**Student:** 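One structure, pasted below without further comment.
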Amino acid sequence: MSIYRTHNCNELRKEDVGKKVFLSGWINKKRDHGNLLFIDLRDNYGITQCIIDRENSNFSTLEKMQLETVIKVDGEVVDRSEETVNKDIKTGEIEVLIKSFDVLGKCKELPMPIFSDQEYSEEIRLKYRFLDLRRKKIHENIILRSKVISFIRNEMNKLGFLEYQTPILTSSSPEGARDFLVPSRLNPGKFYALPQAPQQFKQLIMVSGFDKYFQIAPCFRDEDARADRSPGEFYQLDLEMSFVEQEDVFNVVEKLLVNTFKNFSKKKLVKEKFPRIPYKESMLKYGTDKPDLRNPLIINDITDVFLRDDIKFDIFKNLVKSGCKVRCIITKDTKNKPRSFFDGIDKWAKEQGTSGMAYFTFDKDKEVFGKGPVGKFFSKEAIEELMVKTGANIGDSIFFACNKEKDLEVITALARNKIAQDLDLIDENIFAFCWVIDYPMFEKDKETKKIKFSHNPFSMPQGDLDKLDFGKPLDILAYQYDIVCNGIELSSGAIRNHIPDLMYKLFSVAGYNKNQVDQKFSGMINALNYGAPPHGGIAPGLDRIVMLLANEKNIREVTMFPMNQNAQDLMMNAPSDIGEDQLKELGISLKLKK
RNA sequence: GGGGGUGUAGCUCAGUUGGUUAGAGCGAUCGCCUGUCACGCGAUAGGUCGAGGGUUCGAGUCCCUUCACUCCCGCCA
C-alpha cells in the first residue's frame, strides 16, 4: 500500500463509509465556516470533499493552508445527509472526516487561480503552464490527446502496421519549409536539419522491405505560427504502405479516422465514405482546396452569361472581355431578408479589399425580374438563363463578383463562409470529411513565374508514364491527395514516384539537374535504383485531429508545453543565449543584425 | 516582412467629453461564522494605468515612437 494514499480522489463511494483512508492531492477549494471547514481535495482523477471542525487540533493550521498546497489527509469516510449530497461529483455521496494531515508540497500565492472558468492571458498561462495544466478543461484535453494517440497506435497495429523511429538529426532539404538547423561539433561548419517530416525515411523503410510503416512522428518547420499551427514542432500520424494504389491508402485511412472520430466524439460523421473532390472542382465550387462541406453553399461560374447583349452591366462585361470571370453564390429563399443582410455582405466584401459583391433576388410579377440595385441591368431572358445555370428558384438570391480567376477564388471562398455564417447554415454538431484528389504536379510561382512542385516532389504523376507531356507541365496531375474535415486540412499524402528516371525528368521541369537531385536526395534516389516497390502513404496531423475532437480552435489547447507565437518557451526560457565556449567548440561566431 | 486587436492591483475587468484622492469581483492578510460545495459577513493591504516622448493649466483618456501578447496576410513541398 502506498504511504500517500489508499484511494484516489475519485474513488470513494457510499459503500466505503466507515473506512479509514489516506488521500493525497491539491487543495482545490476551501469553504471556511469558522468552526467547520470544507476542503475540496483534487487529484488527476477527481475531487473528494474533506471536512474538519474546531474540536480537532489541526483545524487552525489547515484553515490557513494556501489553495493548491499538496496535502495528505488521514481520515474516515462518512456518509452525507440527503440534503448535503453533491450530485455534480462522483464522490458526492460521501466525505472524508479529517483526523490529521501532512503538508507534502507547499504553495506560494498563485499567479493565476486554478479553480475558475476565467480566461487568462496567454503569457501567464504559458509561463506557469504547470498550473494552467491543472485546470479542468485543458487537463482533460491533454488526457484526451493521450488516449487518441494510444487508440490510433492500437488501430494501426490491428491494420497490420508496425511503428518505426526515424532520425531527428538529419539533412537539410531544398524543397518546402525553412529548416531548423543544428550545428555539428564533429564536422565543423556543417549542419544537421531537424526533419520537416520523415518523408524520405519512410520511403526508405518501404525500399527496405518493411511493407507497412507508421509513426507518431515529430515534425519541425521553422515557419510563422497560426492558431492551428504551432511554431516549431507538431506531430503527424505518418504512414506508408508498399504495393498499393491510391484506393488502398484511402481504405486504410478512412477506416482509421472513422473509428477514431466515432470513438472520441459525439458529433456525427456526415459520411463514412469520404466524398472525393478533384482539386479543380474544389477550387471552382468552394474557392479553396480545403472546403468546409458543412456549408451547403456552392459557387457557380456564370462568366458565359455575361457575354449576352441583353445584359447592360457594363463594368462586369468589360472585365469579362479582358479575361476576368464571374462567379456567384445562390442563397435559398432569401427574398424576405432585410436589405441590411444584402448590403452587409457587399460591405463586408469591400472590407476584404475587393470590389464588393453585387446581388439581386429572383422575383416574379407577370414575368421574372431581378429585385435589387443591379437587377435592372438584366433582361428577363438573361435572368432565366442564370436560373437554369445555377438551379435558382423564384425567391432565391444571387451574389456575384467579377475578377481574375485566382482573386475570384479567394473572394468567393470568403463570401461562401460569410454568407453561411450570416444565414446560420453551418451545423456545428457534425464532421464533414472529404478527400481532395488529382492535385496538379506543378504550379507557377506567383512572383518568379517559374514552374515549381505544387505539393510533394516525390509524388507519382497520373496517366500513361510513357506519354507524359513535359512540355505542358501544368497539365500533369499527380496521385496526390488531402483529407479535409470541416474546412481544416488534416493531412496530405501521395502515391510516390519510385522510378528514378521519371524522378529526374520531373525535377528537371522544376529546375533541378541530375547532379542536384543526386546530391540533395542522395539517400532516396540511390535507394530507388536498387529495387524499390511501388508505395504510397499519408500523414494526418495529430494535433489538428485532437483539436477537432476536443472542439478547440487553438492548437495550444491540445499541446502540453507549447511555445508562444514568437516560438519562445516562456516557462523554460527557450531559445536562450549560449556561452562563448559552446560557440567556440562549434566553430560559430554570431553576427547579429541590430 | 505587413495589417488588425489587446495592455489599468497577483488574476479577470470597469474607468463617461481630457478634470478632485483611479474603482469592482476573485485572490492575499486579519477578524466573525458548524453543512458548504462559486459558502456568507466585516476590515486591511495591494497601482511606474506596458515603456518613452509630446500636446495641454491638467493625460489612464488625445498625438508620436517603442515593447509585449494575440489574430490574420505573406510563409507552411
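A quick note: this is a predicted structure, and the numbers were derived from the prediction, not measured.
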**Student:** When rounded to the nearest Å, what value does the distance between C1' atoms of B:rG54 and B:rG18 take?
**Tutor:**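 One C1' to the other, the span is 15 Å.
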**Student:** If you check the A:Lys64 side chain, which of B:rC30, B:rC69, B:rG74 turns out closest?
**Tutor:**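 Minimum distance to the A:Lys64 side chain belongs to B:rC30.
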**Student:** Strictly under 3.5 Å: I want the nitrogen or oxygen pairs between protein and nucleotides 4-6 of chain B, one per line.
**Tutor:**
none

**Student:** When all nucleic acid strands are considered with a 4.0 Å heavy-atom cut-off, which category describes A:Pro457: base, sugar-phosphate, or nothing?
**Tutor:**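 A:Pro457: base contact, heavy atoms under 4.0 Å.
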**Student:** Would A:Lys202 and A:Tyr213 count as a cation-pi pair here, with the cationic atom under 6.0 angstrom from the ring centre and within 45° of the axis?
**Tutor:**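 No, A:Lys202 does not sit over the ring of A:Tyr213.
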**Student:** List the residues meeting ring-ring contact (aromatic ring centres under 6.0 Å, His included) with A:Tyr235, not counting sequence neighbours, and say none if there are none.
**Tutor:**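 ring-ring contact (aromatic ring centres under 6.0 Å, His included) check on A:Tyr235 returns nothing, list empty.
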**Student:** Which is more 5' along RNA chain B, the nucleotide nearest A:Ser81 or the one nearest A:Arg221? Just name the residue.
**Tutor:**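 This one resolves to A:Ser81.
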**Student:** Considering only atom C1', compute the distance from B:rG53 to B:rA45 and round it to an integer number of Å.
**Tutor:**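 Nearest-Å result for B:rG53 against B:rA45 at atom C1': 34 Å.
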**Student:** For nucleotides B:rG74 and B:rG3, find the distance between their P atoms and express it as a whole number of Å.
**Tutor:**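 Roughly 15 Å separates the two P atoms.
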**Student:** Nearest whole angstrom, please: distance from the C1' of B:rC73 to the CD of A:Gln565.
**Tutor:**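 Between C1' of B:rC73 and CD of A:Gln565: 12 Å.
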**Student:** If you check the A:Glu63 side chain, which of B:rC33, B:rC71, B:rG25 turns out closest?
**Tutor:**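 Within the option list, the nearest is B:rC33.
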**Student:** Can you list the residues that meet the side chain to side chain contact (heavy atoms under 4.5 Å, CB included) rule with A:Lys520, with sequence neighbours excluded?
**Tutor:**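 In terms of side chain to side chain contact (heavy atoms under 4.5 Å, CB included), with neighbours along the sequence ignored, A:Lys520 is linked to A:Pro174.
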**Student:** Quick one: ring-ring contact (aromatic ring centres under 6.0 Å, His included) partners of A:Tyr128, sequence neighbours excluded?
**Tutor:**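 In terms of ring-ring contact (aromatic ring centres under 6.0 Å, His included), with neighbours along the sequence ignored, A:Tyr128 is linked to no residue.
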**Student:** Pick from A:Gln462, A:Arg276, A:Lys280: which one makes a side-chain hydrogen bond (donor to acceptor under 3.5 Å, both in side chains) with A:Asp438?
**Tutor:**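 Of the listed residues A:Gln462, A:Arg276, A:Lys280, the side-chain hydrogen bond (donor to acceptor under 3.5 Å, both in side chains) partner of A:Asp438 is A:Gln462.
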**Student:** Do A:Leu506 and A:Ser459 have side chains that approach each other closer than 4.5 Å (heavy atoms only, starting at C-beta)?
**Tutor:**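 They are not in contact (no side-chain heavy atoms under 4.5 Å apart), so the answer is no.
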**Student:** Rounding to a whole Å, what distance do you find between A:Lys452:NZ and B:rC75:P?
**Tutor:**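 It works out to 7 Å between those atoms.
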**Student:** Could you check which residues of residues 122-141 of chain A get a heavy atom under 4.0 Å from RNA chain B? Sort them by number, please.
**Tutor:**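 Per residue number, the list reads A:Glu122, A:Glu123, A:Ile124.
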**Student:** With rounding to the closest Å, how many angstrom separate the P atoms on B:rG27 and B:rG40?
**Tutor:**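 Straight-line distance between the two P atoms is 8 Å.
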**Student:** Take nucleotides 36-44 of chain B nucleotide by nucleotide from the 5' end and write B, S or -, depending on whether a protein heavy atom sits under 4.0 Å from the base, only from the sugar-phosphate, or from neither.
**Tutor:** BBSB-----
**Student:** Apply the side chain to side chain contact (heavy atoms under 4.5 Å, CB included) test between A:Ile138 and each candidate in A:Met560, A:Glu557, A:Glu552; give the one that qualifies.
**Tutor:**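 Only one option passes, and that is A:Glu557.
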**Student:** Between A:Asp482 and A:Tyr279, does the side-chain hydrogen bond (donor to acceptor under 3.5 Å, both in side chains) criterion hold? Intermediate values first, please.
**Tutor:** CA-CA 9 Å; A:Asp482 278 13; A:Tyr279 171 82; over 6 Å; no
**Student:** Salt bridge between A:Arg135 and A:Asp132, side-chain N to carboxylate O under 4.0 Å?
**Tutor:**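 Yes, charged N to carboxylate O under 4.0 Å.
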**Student:** Considering only atom P, compute the distance from B:rG42 to B:rG25 and round it to an integer number of Å.
**Tutor:**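 Here B:rG42 and B:rG25 have their P atoms 10 Å from each other.
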**Student:** Nearest whole Å is fine: how far is B:rG35 P from A:Phe59 CZ?
**Tutor:**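 After rounding, the reported distance stands at 12 Å.
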**Student:** B:rC76 C1' sits how many Å from A:Glu223 CD, rounded?
**Tutor:**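 Interatomic distance, CD of A:Glu223 to C1' of B:rC76: 5 Å.
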**Student:** For B:rU16 and B:rU8, measure between their P atoms and round to the nearest Å.
**Tutor:**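 The same atom, P, in both gives a distance of 16 Å.
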**Student:** Send over the distance from A:Glu443 CD to B:rC76 C1', rounded to a whole Å.
**Tutor:**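 One finds 13 Å between C1' of B:rC76 and CD of A:Glu443, rounded.
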**Student:** So does A:Lys136 pair up with A:Glu140, basic N to acidic O under 4.0 Å?
**Tutor:**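 Looking at A:Glu140 together with A:Lys136, the answer is yes, because their closest N to O distance falls below 4.0 Å.
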**Student:** Measure the CZ-OG distance between A:Arg221 and A:Ser230 for me, rounded to the nearest 0.5 Å.
**Tutor:**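 If I round to the nearest 0.5 Å, the distance is 12.0 Å.
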**Student:** Nearest whole Å is fine: how far is B:rC26 P from A:Leu67 CG?
**Tutor:**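 A:Leu67 atom CG is separated from B:rC26 atom P by 14 Å.
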**Student:** Would you tell me if any nitrogen or oxygen in the side chain of A:Gln568 comes within less than 4.0 Å of OP1 or OP2 on B:rC69?
**Tutor:**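 Yes, within the criterion.
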**Student:** Could you measure between the two C1' atoms, the one in B:rU21 and the one in B:rG60, and give it in whole Å?
**Tutor:**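 These two C1' atoms come out 15 Å apart once rounded.
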**Student:** Just wondering, more than 12 heavy atoms not from A:Lys450 lying within 6.0 Å of its NZ?
**Tutor:**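 No - once you tally the heavy atoms of other residues, nucleotides and ligands closer than 6.0 Å, there are 12 at most.
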**Student:** Side chain of A:Asn564, heavy atoms from C-beta onward: which of B:rU70, B:rU12, B:rC76 has the nearest atom to it?
**Tutor:**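 So the side chain of A:Asn564 is nearest to B:rU70.
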**Student:** Check whether any side-chain heavy atom of A:Asn56 sits under 4.5 Å from a side-chain heavy atom of A:Leu62, and report yes or no.
**Tutor:**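 Of all side-chain heavy-atom pairs linking A:Leu62 with A:Asn56, none is under 4.5 Å.
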**Student:** Considering every strand and a 4.0 Å limit on heavy-atom distances, what is the contact class for A:Asn566: base, sugar-phosphate, or nothing?
**Tutor:**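 Counting heavy atoms under 4.0 Å across all strands, the contact made by A:Asn566 is with sugar-phosphate only.
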**Student:** So what does A:Ser454 touch, heavy atoms closer than 4.0 Å: a base, only the sugar-phosphate, or nothing?
**Tutor:**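 Result for A:Ser454 = sugar-phosphate.
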**Student:** Please examine the side chains of A:Arg31 and A:Asp40, heavy atoms only from C-beta on, and report whether any two atoms are closer than 4.5 Å.
**Tutor:**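 Sidechains of A:Arg31 and A:Asp40: in contact.
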**Student:** Does a side-chain N or O of A:Asn554 approach OP1 or OP2 of B:rU70 to a distance below 4.0 Å, or not?
**Tutor:**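 For B:rU70, OP1/OP2 do not have a side-chain N/O of A:Asn554 under 4.0 Å.
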**Student:** Quick one: A:Phe220 CZ to B:rC75 P, roughly how many Å, whole number?
**Tutor:**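 Rounded to whole Å, this separation is 24 Å.
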**Student:** Judged by each residue's nearest nucleotide on RNA chain B, which is more toward the 5′ side, A:Met65 or A:Leu570?
**Tutor:**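 It is A:Met65 whose nearest nucleotide is closer to the 5' end.
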**Student:** Which pairs would a plain distance check flag for residues 87-101 of chain A, meaning a side-chain donor or acceptor within less than 3.5 Å of a matching protein atom at least two apart in sequence or in another chain?
**Tutor:**
{"unit_1": "A:Thr91", "atom_1": "OG1", "unit_2": "A:Ile47", "atom_2": "O", "d": "2.5"}
{"unit_1": "A:Glu95", "atom_1": "OE1", "unit_2": "A:Gln49", "atom_2": "NE2", "d": "2.9"}

**Student:** Can you name the ring-ring contact (aromatic ring centres under 6.0 Å, His included) partners of A:Tyr286, sequence neighbours left out?
**Tutor:**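 A:Tyr286: no ring-ring contact (aromatic ring centres under 6.0 Å, His included) contacts found.
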**Student:** In dot-bracket form, how is RNA chain B paired, counting a Watson-Crick or G-U wobble pair only if both its distances are under 3.5 Å and using | for bases paired to another strand?
**Tutor:** (((((((..((((.....[...)))).(((((.......))))).....(((((..]....))))))))))))....
**Student:** Round to a whole Å and report the spacing from CG of A:Leu110 to C1' of B:rC11.
**Tutor:**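 Taking CG of A:Leu110 and C1' of B:rC11, I get 10 Å after rounding.
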**Student:** Would you classify A:Glu119 as touching base, sugar-phosphate or nothing, given that sugar-phosphate means primed atoms plus P, OP1 and OP2, and contacts are heavy atoms under 4.0 Å?
**Tutor:**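 Answer is sugar-phosphate: A:Glu119 comes under 4.0 Å of backbone atoms only.
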**Student:** Tell me which residues in residues 227-237 of chain A put a heavy atom below 4.0 Å from RNA chain B, sorted by number, or none.
**Tutor:**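 The answer is A:Ala227, A:Arg229.
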**Student:** What does A:Asn28 touch in the nucleic acid at a heavy-atom separation under 4.0 angstrom: a base, only the sugar-phosphate, or nothing?
**Tutor:**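 No contact.
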**Student:** Could you go through the side-chain contact (heavy atoms from CB on, under 4.5 Å) check for A:Phe220 and A:Gln196 one step at a time?
**Tutor:** CA-CA 5 Å; A:Phe220 305 89; A:Gln196 295 180 25; over 6 Å; no
**Student:** For residues 30-89 of chain A, which residue pairs pass the ring pair (Phe, Tyr, Trp, His ring centres under 6.0 Å) check, not counting sequence neighbours?
**Tutor:**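 Qualifying pairs: A:His33-A:Phe38.
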**Student:** Applying ring-ring contact (aromatic ring centres under 6.0 Å, His included), can you list everything that pairs with A:Tyr512, at least two apart in sequence or on another chain?
**Tutor:**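 With neighbours one apart ignored, the set is A:Phe507.
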**Student:** Under 4.0 angstrom, heavy atoms only, what part of the nucleic acid is A:Arg226 near: base, sugar-phosphate, or nothing?
**Tutor:**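 Base: the residue A:Arg226, judged by heavy atoms under 4.0 Å, touches a nucleobase.
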**Student:** Using the P atom as the point on both nucleotides, what is the distance between B:rG10 and B:rC49, in whole Å?
**Tutor:**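 It works out to 12 Å between them.
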